[in-house]
Number of protein chains: 2
Amino acid sequence: MPRQLRTPAGVKSANGRGPGSTRRLPILSDVAHEAAVSLTTASRALDPDSTHPVADRTRARILAVAARLAYRPNPMARALRTRRVPTIAIVVHDISDPYFAEIVRGATAAASARGFLTVVCSSDRDPMTELQYVEMLCLSRVSGVIFAGGGLDEAQYRQRMSGYARSIAHYGGAIVALAPRSEHWPAEVPANRTGARLVTEHLLSLGHVRIAMISGPSTLFTSRERELGYLGAMKAAGVEPRIERADFTIAGGADATARLLSAGPPTAMFVASDTMALGALAEMRRRGIGVPSYVSVAGFDDIPGLEFIDPRLTTVHVPMAELGAAGVARLLRHLDDGDLNTRTNHHPVQLVVRESTGRPREVSLY
Amino acid sequence: MPRQLRTPAGVKSANGRGPGSTRRLPILSDVAHEAAVSLTTASRALDPDSTHPVADRTRARILAVAARLAYRPNPMARALRTRRVPTIAIVVHDISDPYFAEIVRGATAAASARGFLTVVCSSDRDPMTELQYVEMLCLSRVSGVIFAGGGLDEAQYRQRMSGYARSIAHYGGAIVALAPRSEHWPAEVPANRTGARLVTEHLLSLGHVRIAMISGPSTLFTSRERELGYLGAMKAAGVEPRIERADFTIAGGADATARLLSAGPPTAMFVASDTMALGALAEMRRRGIGVPSYVSVAGFDDIPGLEFIDPRLTTVHVPMAELGAAGVARLLRHLDDGDLNTRTNHHPVQLVVRESTGRPREVSLY
DNA sequence: TTGAAAGCGCTAACAC
DNA sequence: GTGTTAGCGCTTTCAA
């Protein structure tokens, strides 16, 4: 349809498609036409970060028309030109896990404040699913991708991931990690090692010697960092470490606890995430084992809702929402100012002692 | 830059931008050129749901080239043409609430299986924030919007919302509700009224008479439906109802419980969401009130993780992930088959009796 | 300081 | 069955 014959915006369309139909959204040419300027000038006046000069009177006129028509630029048309959609993606391992839900909450709030939409991709802890999502994101030309979960140390995964990352960098997209990864990406991560050290030292100071750790998969960098803190504190105290592995889920935490209890049960357990600690607590209850009377349990993350489980869990507070917001801020610094710094910022964590840890039991369990 | 001079895909760009740089992504004209066909034919052969005939030999040749070049259509260009981005938005009240997290999990899985990205917009229970998000979605021309949370019965909200909805319908976008609303949109909702009736009848059958309800804001349609079930059962039993209101948060549930307990405490409480019930339980514990020995508490939703709180909560199971998936399926039926049916499908719920409800106390609390 | 014109990559109406 | 052509709405040279 030639431009001239098009029904102008703000005028009821002649062939209204029934009662639900309404006027079409105004486009740039509507504004330009009404303000009696060219498309170019209208575009420049409306673009907040255009450096091209526009006469004050002209600009004022254009802005007035735009406001009256409630004009908003079409993001797709703009994206086609600028080669990037105003969307930020956040890739998480499991959106149902309160840890990731909190990060997403912080990130979406920060992103929407800047006019960015946030896409959430939850892989349900399957690396292949995660890679598929990243491929989709890459094809969609999202402005940036935030990886909330830790990376995997597995050849094929790393290779495909770095291929996508290169592709994203190629079209000018930004990448930020909120957990440790092998890739050298800009990162905003919690002080995992320090936190693990603090919590282990807390258990040691209570008099525990047989302190086991329930960690995540050995291929996950987050597991490794938390193990490092635990191992360091154990070594410094001259006591023997013991690591059992799970998959960062509640059920996994329960299973690992069962294994730990059936072979020389420890007097204290440091669980690498609160979610797994919930599973540990459930397994204890199922077996009638008192916490902390028989076994002390400490978690990591300080997820919301912890005040409602019994006993209240000793853990390491990670500023999840702030981490999400910091990730978005970092991403925007790349997009806005071309900041390509790949420094890793460590966010401080804090030991929160509650009711699930206490002095070691006097009697043996068996 | 004229097409002819452009660096072909698959050939290292002459002005590579450093080590991170790589060849540019292939575009349709690359495929068409290599396969020696026109853009149109290439487009048709590559579009899985194009009805236009293409010779088998030609199609095979085009597909082979596309595969070799790892060609993927540019979603932005396609969107500009089709006037819709391959993205589904899901609007929730609070992504940190496990109820919504589960719905989102179900929806994203279903959407990505069909090549759609899912945008999550969490309003943190602020109607104005929600409206802002919907405006953004509308401008972004997302293919569809799923409203996971219930609607508000408030004039200005309803007016702005229906304006956006009209706008979305106008460009061919779909809308689906997963909770009751005044707008006549296609809906997939839990059987709120039935669930509330079932749980109230359960409490009545245990011998309770003084059964209070903690509901949500009176302007929220979800609150109303659940109240209707409660009121119906109470009336049928000939006993006096009592409703206290909160805001569907943990803290709100705790506050409402405090108010309830300080003025003629009931022997049983039906709380309109598990999240609020968590707050109720916390308030009871703070006051040293036994559950269910002194007061029975029942929730609604059956959010994940409930097996780890003490006492285990009696509630009404809502199939959250299925609701999310059903919402996506409904949306795609609109998009694919033009199904504009606005029927409301009620998803069955189920009473789950656990440990937080029991027979009424013999002794008075005060 | 303004504007004309050329696309971004794709789809669809209309030939042939 | 295939190709030509005209845009989708916007940004951005380049020229005035």
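Below, chains carry the letters A, B, ... as their sequence lines are ordered, and counting in each starts from 1.
Comparing Arg141(B) and Arg59(B) by the nucleotide of DNA chain D whose heavy atom lies nearest to each, the residue mapping closer to the 5' end is Arg59(B). Mapped onto DNA chain C by nearest heavy atom, Met76(B) and Asp47(B) fall at different nucleotides, with Met76(B) at the one closer to the 5' end. Nearest-nucleotide mapping onto DNA chain D: of Ala77(B) and Val37(B), the residue sitting toward the 5' end is Val37(B).
Side chains of Leu178(B) and Ile146(B) form a contact here, defined as non-hydrogen atoms less than 4.5 Å apart. Side-chain atoms of Arg160(A) and Val134(A), non-hydrogen and from C-beta on, never get closer than 4.5 Å to each other. Counting heavy atoms from C-beta outward, Val31(A) and Val37(A) have side chains that stay 4.5 Å or more apart.
A side-chain contact (heavy atoms from CB on, under 4.5 Å) with Ile95(B) is found for one member of Thr108(A), Ile95(A), Val120(A) and no other, namely Ile95(A).
One finds a side-chain N or O of Thr58(A) lying less than 4.0 angstrom from the OP1 or OP2 phosphate oxygen of dT2(C). Applying the 4.0 Å criterion to OP1 and OP2 of dG3(D), one finds that Ser38(B) has a side-chain N or O inside that range. Dashed line: the shortest gap from a side-chain N or O of Tyr71(B) to OP1 or OP2 of dG9(C) is not under 4.0 Å. Contact check, Ser43(A) against dC10(D): no side-chain N or O comes under 4.0 Å of OP1 or OP2. Under 4.0 angstrom from either OP1 or OP2 of dG3(D) there lies at least one side-chain N or O belonging to Thr41(B).
One side chain, Asp126(A) or Thr129(A), offers a donor N or O that lies under 3.5 Å from an acceptor on the other.
When the P atom of dT11(C) is taken as reference, atom CG of Leu46(B) falls 8 Å away, rounded to whole Å. The CZ-C1' distance, from Arg81(B) to dC8(D), rounds to 6 Å in whole Å. With rounding to whole Å, Arg57(B) atom CZ is found 14 Å from dG1(D) atom C1'. Between the CG atom of Asn74(A) and the C1' atom of dG9(D) there is a distance of 6 Å, given to the nearest Å. Atom CG in Asp30(A) sits about 9 Å away from atom P in dG9(D), given to the nearest Å. Here the C1' atom of nucleotide dC10(D) and the CG atom of Leu80(A) are 8 Å apart, to the nearest Å. Atom NE2 of His33(B) and atom P of dG9(C) are 16 Å apart (whole Å).
Considering only the side chain of Pro73(B), dC10(C) comes nearest among dC10(C), dT11(D), dG1(D). Here the nucleotide nearest the side chain of Leu28(A), chosen from dC10(D), dT2(C), dT2(D), is dC10(D). Checking dG9(D), dG3(D), dT11(C) against the side-chain heavy atoms of Arg78(B) singles out dT11(C) as nearest. When distances run from any side-chain atom of Thr40(A) to the nucleotides dA4(C), dT2(C), dC10(D), the shortest one goes to dA4(C).
Counting all heavy atoms, side chain and backbone alike, Tyr71(A) lies closest to Leu46(A) at CE2-CD2, 3.7 Å.
Using a 4.0 Å heavy-atom criterion, one finds that Pro53(B) contacts the bases of the nucleic acid, with or without backbone contacts as well.
Between the CD1 atom of Ile90(B) and the CG atom of Leu137(B) there is a distance of 11.5 Å, given to the nearest 0.5 Å.
Overall, the helix from dT1(C)-dA16(D) to dC16(C)-dG1(D) carries an axis bend of 40° between its ends, with five pairs at each end and the value rounded to 10°.
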Distances under 3.5 Å between nitrogen or oxygen atoms of protein and nucleotides 14-16 of chain D:
none

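Other residues, nucleotides and ligands contribute only 12 or fewer heavy atoms inside 6.0 Å of the CD atom of Gln156(A). Annotation for Asn341(A): atom CG counts as buried by contact number, over 12 foreign heavy atoms lying within 6.0 Å.
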Next on the checklist: Under the criterion side chain to side chain contact (heavy atoms under 4.5 Å, CB included), I'd like the reasoning laid out for Val142(A) against Ile168(A): C-alpha separation, chi angles, the key distance, then a yes or no.
Outcome noted: CA-CA 8 Å; Val142(A) 293; Ile168(A) 292 170; 5.8 Å; no

